[in-house]
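Owing to the predicted nature of the structure, the values given are computational and were not obtained by experimental measurement. Reminder, nothing fancy here: chain letters follow the sequence lines and each chain counts from 1.
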There are 2 protein chains.
Amino acid sequence: MIKDTIKHEKWDSQLRKGSLELVVLASLNGRQAYGLELLKSLQQLPTMQLSEGTLYPLLDRLKREGLIAAEWYQEGDSRPRKYFQLTDEGQIKLAALTDRWRQSVADIEYLLDHPGPDPLFEE
Amino acid sequence: MIKDTIKHEKWDSQLRKGSLELVVLASLNGRQAYGLELLKSLQQLPTMQLSEGTLYPLLDRLKREGLIAAEWYQEGDSRPRKYFQLTDEGQIKLAALTDRWRQSVADIEYLLDHPGPDPLFEE
DNA sequence: CAATATACTATGTAATGCAAGGTATACGGT
DNA sequence: ACCGTATACCTTGCATTACATAGTATATTG
């Protein structure tokens with residue numbers, strides 16, 4: 001069946017547009033990580049097949065916004081790595097975004113579970 | 001507290017970017033609706049405060065892609081309204097998007113529920 | 001020492017949600 | 001009849017952002 005081999009890439013990318021910021025903040029909750037490490041860890045999830053070209057600019061933006069902090073760190077004589085971690089502000093933002101995301105999921109679930117004429121609308 | 005009056009608008013808009021297509025298709029599942037009717041029905045949901053400038057171009061796009069069909073209809077001597085409904089292709093697409101959306105929600109739930117060092121990663 | 005892998009950076013493009021403004025018609029009050 | 005408001009749809013231009021692509025630099029490996 002063709003259906004099973006449908007490419008999810010474009011739709012996935014569209015879907016990620018809304019939630020990537022939340023996802024990255026959540027991934028940095030309770031741990032430090034450097035760019036590629038974070039990338040590979042996210043890529044373990046089926047809908048999170050993003051690329052470097054997406055992640056690095058996003059990390060830059062989050063840093064500019066003060067939600068994460070970056071710090072170069074060299075382990076032994078390996079290549080220096082730029083480690084990221086949540087700031088206090090980032091923690092707060094993460095909590096707010098999580099709440100709002102759950103609300104959005106609830107709204108969409110409602111729409112999916114209630115097809116047909118809108119009961120909210122026609123009394 | 002200022003925190004409680006945080007404006008969700010910008011984040012909501014960002015979040016909608018990923019799912020609006022699914023949302024509109026789901027809203028047309030099992031019923032016909034014209035533009036403003038659909039808009040008002042969506043706006044009953046807290047995270048779906050979109051505007052006409054968002055909905056109409058989206059409906060155009062979905063029509064161009066063959067996922068919905070449009071038809072002008074005049075009831076009595078009221079203003080003619082453009083009614084939209086899902087096509088067969090739209091039905092199929094809706095099912096596929098719904099599956100993928102649920103997968104994405106599961107992935108994000110996983111991230112939110114498992115803070116700290118990535119257990120998928122460090123064995 | 002070339003080839004590959006790691007790690008980060010930079011540039012340009014396409015998609016899309018939205019604000020703002022536009023057109024046209026119906027209806028209610030005075 | 002006239003004016004204001006509501007309904008209904010459309011259009012233009014902008015800002016954001018995920019991504020592809022390419023580039024730089026340093027280890028590591030054969």
Quiz item: Side chain of A/Arg79: nearest nucleotide among D/dT26, D/dC9, C/dT25?
Solution: D/dT26

Exercise. Find which nucleotide of DNA chain C each of A/Lys17 and A/Tyr34 is nearest to by heavy atoms, and output the residue with the more 5' nucleotide.
Key: A/Tyr34

Quiz item: When you measure from the side chain of A/Gln91 to the backbone N and O of A/Leu86, does any donor-acceptor pair fall under 3.5 Å?
Solution: no

Quiz item: Any side-chain N or O of A/Arg61 less than 4.0 Å from the OP1 or OP2 oxygen of D/dT17?
Solution: yes

Quiz prompt | d(CG, B/Leu36; C1', C/dA24) in whole Å | solution = 14 Å

Practice problem: Under 4.0 Å between any heavy atoms, over every strand shown, what does B/Gly53 touch: base, sugar-phosphate, or nothing? Just pick one. | Solution: base

Quiz item: Does a side-chain N or O from A/Gln14 land closer than 4.0 Å to OP1 or OP2 of C/dT16, or not?
Solution: yes

Practice problem: Please check the phosphate of C/dG17 (OP1 and OP2 only) for any side-chain N or O of B/Ser13 closer than 4.0 Å. | Solution: no

Self-check item: Length of the CG-P vector between B/Leu15 and C/dT16, whole Å
Solution: 16 Å

Practice problem: Tell me, with the steps shown, if A/Glu109 and B/Arg102 meet salt bridge (Lys or Arg N to Asp or Glu O under 4.0 Å). | Solution: CA-CA 9 Å; A/Glu109 286 282 4; B/Arg102 286 195 205 280; 3.0 Å; yes

Quiz item: Under the criterion salt bridge (charged side-chain N to carboxylate O under 4.0 Å, His left out), which of A/Arg16, A/Arg61, A/Arg100 is the partner of A/Glu21?
Solution: A/Arg61

Quiz prompt | Shortest side-chain distance from A/Trp72, nucleotide among D/dC9, D/dA27, C/dT9 | solution = C/dT9

Quiz item: Ignoring hydrogens and geometry, is there a side-chain-to-backbone donor-acceptor pair from B/Thr87 to B/Gly90 under 3.5 Å?
Solution: yes

Exercise. Dump the intermediate steps for side-chain contact (heavy atoms from CB on, under 4.5 Å) on A/Thr47 and B/Ile108, then the final yes or no.
Key: CA-CA 9 Å; A/Thr47 64; B/Ile108 296 176; 5.9 Å; no

Quiz prompt | Side-chain N or O of B/Tyr56 closer than 4.0 Å to phosphate OP1/OP2 of D/dC10 | solution = no

Quiz item: What is the nucleic acid contact for A/Glu52, judged by heavy atoms within less than 4.0 Å: base, sugar-phosphate only, or nothing?
Solution: base

Quiz prompt | Nearest-angstrom distance from the residue atom CG of B/Asp12 to P of C/dA19 | solution = 12 Å

Practice problem: Taking the side chain as every heavy atom from C-beta outward, state whether B/Gln85 and B/Arg31 have any pair of such atoms under 4.5 Å apart. | Solution: no

Exercise. Whole angstrom is fine here: how far is it from CG in B/Leu50 over to P in C/dA20?
Key: 16 Å

Self-check item: Position toward the 5' end of DNA chain D (nearest nucleotide), A/Ser51 or A/Pro80
Solution: A/Ser51

Quiz item: How many Å lie between OH on B/Tyr83 and P on D/dT7, as a whole number?
Solution: 14 Å

Exercise. Round to a whole Å and report the spacing from CG of A/Asp60 to C1' of D/dA18.
Key: 14 Å

Exercise. Report the distance from atom CG of B/Leu55 to atom P of D/dA8, rounded to the nearest whole Å.
Key: 13 Å

Quiz item: Counting side-chain heavy atoms from CB outward, which of D/dA18, C/dC8, C/dC18 is closest to B/Thr54?
Solution: C/dC18

Quiz prompt | Nearest-Å distance for atom pair CG/P, residues A/Leu39 and C/dC8 | solution = 10 Å

Quiz item: Do the side-chain N or O atoms of B/Arg16 get closer than 4.0 angstrom to the phosphate oxygens (OP1, OP2) of C/dC18?
Solution: yes

Quiz item: Looking at the side chain of A/Leu20, which of D/dA18, D/dT11, C/dA15 is the nearest nucleotide?
Solution: D/dA18

Self-check item: A/Lys10 vs C/dA14: side-chain N/O to OP1/OP2 distance below 4.0 Å
Solution: no

